[in-house]
There are 2 protein chains.
Amino acid sequence: MVIKEETMNSEIIYNGKIVNLRIDTVELPQQKYSKREIVEHPGGVAVIAITDDGEVIMVRQYRKAVEDAVLEIPAGKLDPGEDPRECAARELKEETGYEADTLEHLVDFYSSPGFTNEKIHIYLARGLRDGLAQPDENEYIDIELYSMQSLLDMASKNMIKDAKSLVALLYASNFKG
Amino acid sequence: MVIKEETMNSEIIYNGKIVNLRIDTVELPQQKYSKREIVEHPGGVAVIAITDDGEVIMVRQYRKAVEDAVLEIPAGKLDPGEDPRECAARELKEETGYEADTLEHLVDFYSSPGFTNEKIHIYLARGLRDGLAQPDENEYIDIELYSMQSLLDMASKNMIKDAKSLVALLYASNFKG
């Protein structure tokens, strides 16, 4: 049986720029207790943007956490109170320069519900118009275009290493193909 | 251009049971510096286990981080030095009681490379034999079986909320269907 864990105590370890860390003490059946390490994250959006020619806009950037240059769909974190769709339009424009006629919500999901509340909202962008990228200061992003079929081939060879990008590509291919 | 970020300083904020938190100061072009909040995680495995009758073994458990009972494929974190395949067999047995004749590596990916190094290895388990589950103390897990088509229908309606489960289901459906 699934049992809701009531919070008996909550200790804030760190409040950061992107994430916070807290330790909750939770009550379990038979008056037992356990600790839960929880990484708070504001949540984010990611955009699978497909041009009229059927190409998908990908970005490559250095990710310090994994010490690698990772190929991903454009994405970013939500500002406080920001609507996910507006965030999707903003991040697509900032990172790639593209603006979209339509942004369709595809799916949202938890990145890793065992330890973080990060939720990612995926949008499908169509009707793209190219423009000038406006990356944040300290953001160094390469833009790379691939056909959907190339990306699916890369995914099948485990060359796409980012969860949100895998979900978005496979989801669009399965349900919007 | 993608630029590797060299670590100038690394400050450990917290060493936990599941995650550690550290803040790296990195060097950027033009002698600029930035901070990176990084959640260290040992990595994990997840198993899409399909019975001879075509049913997929799912687990439901309360996830404190997201305050919800989440439907997921069986999964767990790697012990230090543990082989991912052995971890997959161990977690499948512990959480569901099932043992598999074959465990095929499908794909691995980063959960959220913007802030954590967590890498998840997905295995496809076939030739299942039922047995007695041996959950960890303080683990309360329900086992639920669904046909692959039901799960894909649920995914298409955004009823699967866990990234690794979405990747595994869509990946198996696309490339192992």
Side-chain angles (χ1 to χ4, degrees), chain A residues 1-5 13-14 16-19 21 23-24 26 28-29 32 34-39 41 60-66 68-70 72 77 107-120 138 140 142 152 155-156 158 160-164 166-167 170-171 173-175, chain B residues 1-5 13-14 16-19 21 23-24 26 28-29 32 34-39 41 60-66 68-70 72 77 107-120 138 140 142 152 155-156 158 160-164 166-167 170-171 173-175:
Chain A
M1 203 180 80
V2 174
I3 291 157
K4 182 173 178 355
E5 298 177 350
I13 303 293
Y14 186 78
K17 202 172 51 134
I18 312 281
V19 298
L21 177 63
I23 314 289
D24 283 0
V26 299
L28 299 174
K32 288 195 291 187
S34 189
K35 303 270 189 188
R36 301 285 180 245
E37 299 166 359
I38 295 171
V39 175
H41 185 286
R60 193 184 293 274
Q61 60 193 308
Y62 190 78
R63 293 298 204 175
K64 184 65 186 172
V66 302
D68 200 4
V70 182
E72 304 171 39
K77 71 182 171 64
V107 59
D108 49 61
F109 54 83
Y110 298 116
S111 300
S112 196
F115 74 93
T116 179
N117 67 349
E118 187 192 24
K119 189 181 214 176
I120 296 180
N138 300 345
Y140 298 86
D142 280 359
L152 291 172
S156 77
N158 206 358
I160 310 283
K161 291 289 190 181
D162 167 53
K164 65 182 174 301
L166 279 169
V167 171
L170 295 170
Y171 203 96
S173 162
N174 258 278
F175 302 126
Chain B
M1 203 180 80
V2 174
I3 290 157
K4 182 173 178 358
E5 298 177 350
I13 303 292
Y14 186 78
K17 202 171 52 132
I18 313 283
V19 298
L21 176 63
I23 314 289
D24 283 0
V26 298
L28 300 174
K32 288 194 293 188
S34 190
K35 303 269 189 189
R36 301 285 180 245
E37 300 166 359
I38 295 171
V39 175
H41 185 287
R60 193 184 292 275
Q61 61 193 307
Y62 191 78
R63 293 298 204 174
K64 185 65 187 172
V66 303
D68 200 5
V70 182
E72 304 171 38
K77 72 181 171 62
V107 60
D108 50 61
F109 53 83
Y110 298 116
S111 300
S112 196
F115 74 92
T116 180
N117 66 349
E118 187 192 22
K119 188 181 215 177
I120 296 180
N138 300 346
Y140 298 86
D142 279 0
L152 291 172
S156 76
N158 205 359
I160 309 283
K161 291 289 189 181
D162 168 53
K164 65 181 173 299
L166 279 169
V167 170
L170 295 170
Y171 202 97
S173 162
N174 258 279
F175 303 125

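Labels below follow one simple rule: chain letters A, B, ... track the order of the sequence lines, proteins then strands, and each chain is numbered from 1.
- The two atoms that bring B/Ala163 and A/Ser111 nearest to each other are CB-O, 3.7 Å, heavy atoms only.
- When heavy atoms are compared at a cutoff of 4.5 Å, A/Tyr110 approaches chain B by way of both its backbone and its side chain.
- Heavy-atom distances place both the backbone and the side chain of A/Val107 under 4.5 Å from chain B.
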Please walk me through it: do B/Ile3 and A/Tyr62 pass side chain to side chain contact (heavy atoms under 4.5 Å, CB included)?
CA-CA 6 Å; B/Ile3 290 157; A/Tyr62 190 78; 5.9 Å; no

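- Of the atoms belonging to A/Lys77, not a single heavy atom falls under 4.5 Å from chain B.
- Of the listed residues (B/Ile13, B/Asp142, B/Asn117), the one with the most heavy-atom contacts under 4.5 Å to chain A is B/Asp142.
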Using side chain to side chain contact (heavy atoms under 4.5 Å, CB included), reason through B/Phe115 and A/Glu118 one step at a time and then give a plain yes or no.
CA-CA 11 Å; B/Phe115 74 92; A/Glu118 187 192 24; 3.3 Å; yes

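- In this structure, the portion of A/Arg36 lying under 4.5 Å from any heavy atom of chain B is its side chain and not its backbone.
- Judged purely by atom type and a 3.5 angstrom limit, A/Tyr171 has no side-chain atom pairing as donor or acceptor with the backbone of B/Leu166.
- At a 4.5 Å heavy-atom cutoff, the contact between A/Lys4 and chain B is made by backbone and side-chain atoms alike.
- Proximity to chain B is limited to the side chain of A/Asp24, based on heavy atoms less than 4.5 angstrom apart.
- In this structure, chain A has heavy atoms under 4.5 Å from both the backbone and the side chain of B/Val2.
- For the options A/Val26, A/Thr116, A/Leu152, heavy-atom pairs under 4.5 Å to chain B are most numerous at A/Thr116.
- Atom-to-atom distance recorded for A/Ile18:CD1 and B/Lys35:NZ is 13.5 Å, nearest 0.5 angstrom.
- When the candidates A/Lys164, A/His41, A/Lys119 are compared by the number of heavy-atom contacts under 4.5 Å with chain B, A/His41 comes out ahead.
- For the set B/Val167, B/Asn174, B/Ile23, B/Asp68, the entry with the most heavy-atom pairs within less than 4.5 Å of chain A is B/Asn174.
- Judged by distance alone, with hydrogens and angles left aside, the side-chain atoms of A/Glu37 form a donor-acceptor pair with the main-chain N or O of B/Lys17 at under 3.5 Å.
- With a threshold of 4.5 angstrom between heavy atoms, A/Val19 approaches chain B through its backbone and through its side chain.
- Interface remark: A/Leu170 contributes backbone and side-chain atoms alike to the contact with chain B (heavy atom separation under 4.5 Å).
- For chain A, the nearby part of B/Val39 is the side chain; its heavy atoms alone come within less than 4.5 Å.
- Using a 4.5 Å cut-off between heavy atoms, A/Leu21 contacts chain B through its side chain alone, with no backbone atom that close.
- When each of A/Ala69, A/Ser173, A/Ala155 is scored by its heavy-atom pairs under 4.5 Å with chain B, the top score falls to A/Ala155.
- Looking only at side-chain heavy atoms (C-beta outward), A/Glu72 and B/Pro113 come within less than 4.5 Å of each other.
- Considering CG of B/Asp162 and OG of A/Ser112, their distance stands at 7.5 Å, rounded to 0.5 Å.
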Set out, in order, the CA-CA distance, both residues' side-chain angles and the distance that settles side chain to side chain contact (heavy atoms under 4.5 Å, CB included) for A/Tyr140 and B/Leu28, then state yes or no.
CA-CA 9 Å; A/Tyr140 298 86; B/Leu28 300 174; 4.3 Å; yes

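- Interface residue B/Asp108: backbone and side-chain heavy atoms are both found under 4.5 Å from chain A.
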